[in-house]
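Inspection log for the structure reproduced underneath, given as structure tokens.
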Amino acid sequence: MVPSEPRVGSRGRGISRELWLRLASAAVLIPLGLACVTLGGVPLAIISALVAAMMAFEWSRMAKSKFGPLMIAGAAGANLVFMVNATWALMVLVGVGALASLMGRQSPQPNSTLLGTIYAGGLPLALQTIRDLPEGGFVLAMGVMLFSWSSDSSAYFAGRTFKGPLLAPDDSPNKTWSGAIGAVVGSVAASIAYALLIGAPIYLWVILGLLVSAAAQIGDLFESQIKRQHAVKDTSGFLPGHGGVMDRLDGFGTACIAVVALVRLLPGLPGQLAGG
């Protein structure tokens, strides 16, 4: 989630406990994420399906939807079907989401079910799409993951250190402009280091680092707005220090979607980024 700096005005003691919880969660999530992206294929599809199921559960609970099981089946099923065919996976995701929406058309927010299903299933599906690219998929997926983490961490510490004006006071009272700027700086710094490490054009990775940070922050603000509409602070308590799975992966998932769109426009870009 980007930028995820601590609540403005929090006491030092509260911040310290939150930081320890974040570090503990990161100690588990980072190795798991690296392993899944490294292995790709079936392991990544299974973890993606589990993540999608958890996010669909969180959304359905947040929206008080009666069709949570159907949302979970659609979001998770699409990520498993991806192993067979990417187009089929997208059809499953949209089809099940539309079905759940039609079944709940008498509810106060019928479109929320469709949006929630596509959101929960689409974010991890985008990561699978990047990793599955025939050229440069692994390198690109690792880069997006690294830049998202760097953006998130930089936002946290910059916001904590500099504070200042709020970024979006109506939707999220905890995010500051200093955190947003810190997120961009952290992502760009990580992109330069990554380009040097793999021997690829630095300017291309810097552009990608900017895109990842911007998309991640937009994704975070989007989820903040959704949570505000449903009057919840965290989507769940699955991840200590972060809240729910959606709270942690909103920015990263949105960045993955932005990168997939970019690759569709520039199909030769992954090879160039990989140094080809």
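- Between Val263 and Ile130 there is no side-chain heavy-atom pair separated by less than 4.5 Å.
- For the pair Ser151/Val184, no side-chain contact is recorded, criterion being any heavy-atom separation below 4.5 Å from C-beta on.
- Contact annotation: the side chain of Leu127 approaches that of Phe252 to within less than 4.5 Å [non-hydrogen atoms, C-beta and beyond].
- With hydrogens and angles left out, the side-chain atoms of Lys175 and Ser224 include a donor and acceptor closer than 3.5 Å.
- Proximity of a side-chain donor or acceptor of Thr113 to a complementary backbone N or O of Ala100 within less than 3.5 Å is not detected.
- Between the side chain of Ser60 and the backbone N or O of Phe57 there is at least one donor-acceptor pair closer than 3.5 Å.
- For Asn79 (side chain) and Gly121 (main-chain N/O), a donor-acceptor pair under 3.5 Å exists by modelled atom type.
- In this structure the side chain of Met55 reaches within 4.5 angstrom of the side chain of Pro124, judged on heavy atoms.
- Contact of the Met71 side chain with the Val96 side chain is not registered, since no non-hydrogen atoms from C-beta on lie closer than 4.5 Å.
- For the pair Gln272 and Pro201, the minimum side-chain heavy-atom distance is 4.5 Å or more.
- Using a 4.5 Å heavy-atom threshold, the side chains of Thr254 and Phe222 count as separate.
- Here the side chain of Lys227 pairs no donor or acceptor atom with the backbone of Val232 at under 3.5 angstrom.
- Leu146 and Leu34 end up in the same hydrophobic cluster when Ile, Leu, Val, Met, Phe, Trp and Tyr side chains are linked at under 4.5 Å.
- In this pair, His230 and Trp59 present their aromatic rings perpendicular. The plane angle is above 60°, beyond the 30 to 60° band.
- Between the CG atom of Leu273 and the OG atom of Ser191 there is a distance of 10.5 Å, given to the nearest 0.5 Å.
- Distance OG1/Thr129 to CD1/Ile257: 9.5 Å, rounded to 0.5 Å.
- A donor-acceptor contact shorter than 3.5 Å links the side chain of Ser48 to the backbone of Leu44.
- Taken to the nearest 0.5 Å, the CG atom of Leu102 stands 8.5 Å off from the CG atom of Leu114.
- Close placement of the Phe147 and Trp205 rings is indicated, their centers lying within 6.0 Å of each other.
- Residue Val185 is not grouped with residue Leu167 when hydrophobic side chains (ILVMFWY) are merged at heavy-atom distances under 4.5 angstrom, including chains of intermediate members.
- Without hydrogens or angle criteria, Gln128 side chain to Phe82 main chain gives no donor-acceptor distance under 3.5 Å.
- Heavy atoms only, all atoms of each residue included: Ile47 and Cys36 are closest at CG1-SG, 3.3 Å.
- Here CD1 of Ile226 is found 12.0 Å from CG of Leu221. Values are rounded to the nearest 0.5 Å.
- From Asp152, atom CG reaches atom OG of Ser154 across 8.5 Å, with rounding to the nearest 0.5 Å.
- Checked by atom type and distance alone, the side chain of Asp247 pairs as donor or acceptor with a backbone atom of Thr235 at under 3.5 Å.
- To the nearest 0.5 angstrom, Leu70 atom CG is 7.0 Å from Thr117 atom OG1.
- A donor-acceptor contact shorter than 3.5 Å is absent between the side chain of Ser187 and the backbone of Ala183.
- Under a 3.5 Å cut-off, the side chain of Arg131 and the backbone N or O of Val139 do not form any donor-acceptor pair.
- Panel note: side chain Asn85, backbone Val81; no donor-acceptor pair is recorded below 3.5 Å.
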